[in-house]
Structures are given as structure tokens and as C-alpha cells.
Amino acid sequence: MSAGEQPARAGVRILSLRALASVLAAIGFAVMLVSGLVLFFAPSGRISRLDEWNFGGLLRHDWMAVHLGFAFLFIAAGAFHISKPSDLI
């Protein structure tokens, strides 16, 4: 090693898996919050089908799919975060 170089620390990660799971859970929660509010205020039933109601370019069933998909992400990331990494590998 030449002068001025820092020794490499073994086992140090920039982003741990638990931290990544926390970030993914936070993103999932934020998207579910937005999509949940959109679905709460969206017209339901016949009105939304006949008028083809949309918000942000997505129809009601698209918002439901986004909400469900990010709910699965949130649950998976949360389960990984609270579990021991040795249990999953």
C-alpha cells in the first residue's frame, strides 16, 4: 500500500440488506398511501365504468393493481426486515 491510501475495511457494505428492505418498505408505504387516497376519492361502480374515470392516466382498476402490487412489496420488505438474514438464506 502506498502512502495516502486508506486500508479497505472488510465486510463493510454501502447499503445493508436490512436498510434496503427499510427503503423498499417506505417506498411501498408511500405509493400505497397515494393510491389509497386516489381510490378513496374515486367514484365507484357504474359511474367510473361508464365515464371511464381516470386520474394520472390510470383507470380505477389500474390504481387497484398498483395498490395491490405495492402492498405485496411492502409486506415482503417488512417481513425481510424483521427476520434474521440467516433464516432466509
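Since the structure is predicted, the reported quantities are computational estimates derived from the model, not experimental observations.
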Are [Y] and [X] connected in a single hydrophobic cluster, I mean Ile/Leu/Val/Met/Phe/Trp/Tyr linked by side-chain heavy atoms less than 4.5 Å apart?
{"X": "Leu68", "Y": "Phe29", "result": "no"}
{"X": "Leu58", "Y": "Met64", "result": "yes"}
{"X": "Leu59", "Y": "Val38", "result": "no"}
{"X": "Leu33", "Y": "Phe74", "result": "no"}

Review point. Would a 4.5 Å heavy-atom cut-off, applied to side chains only, mark Ser44 and Arg60 as touching?
Key: yes

Separation between [atom1] of [X] and [atom2] of [Y], rounded to the nearest 0.5 Å:
{"X": "Trp63", "Y": "Leu37", "atom1": "CH2", "atom2": "CG", "answer": "10.0 Å"}
{"X": "Leu73", "Y": "Ile27", "atom1": "CG", "atom2": "CD1", "answer": "8.0 Å"}
{"X": "Asn54", "Y": "His61", "atom1": "CG", "atom2": "NE2", "answer": "11.0 Å"}

Could you report the tightest heavy-atom contact between [X] and [Y], atom names first, then the distance?
{"X": "Ala77", "Y": "Ala25", "answer": "CB-N, 3.8 Å"}
{"X": "Ser35", "Y": "His67", "answer": "OG-ND1, 2.7 Å"}
{"X": "Arg18", "Y": "Ser83", "answer": "NH2-O, 3.0 Å"}

Review point. How about Met32: does its CE atom have over 12 heavy atoms from other parts shown lying under 6.0 Å from it?
Key: yes

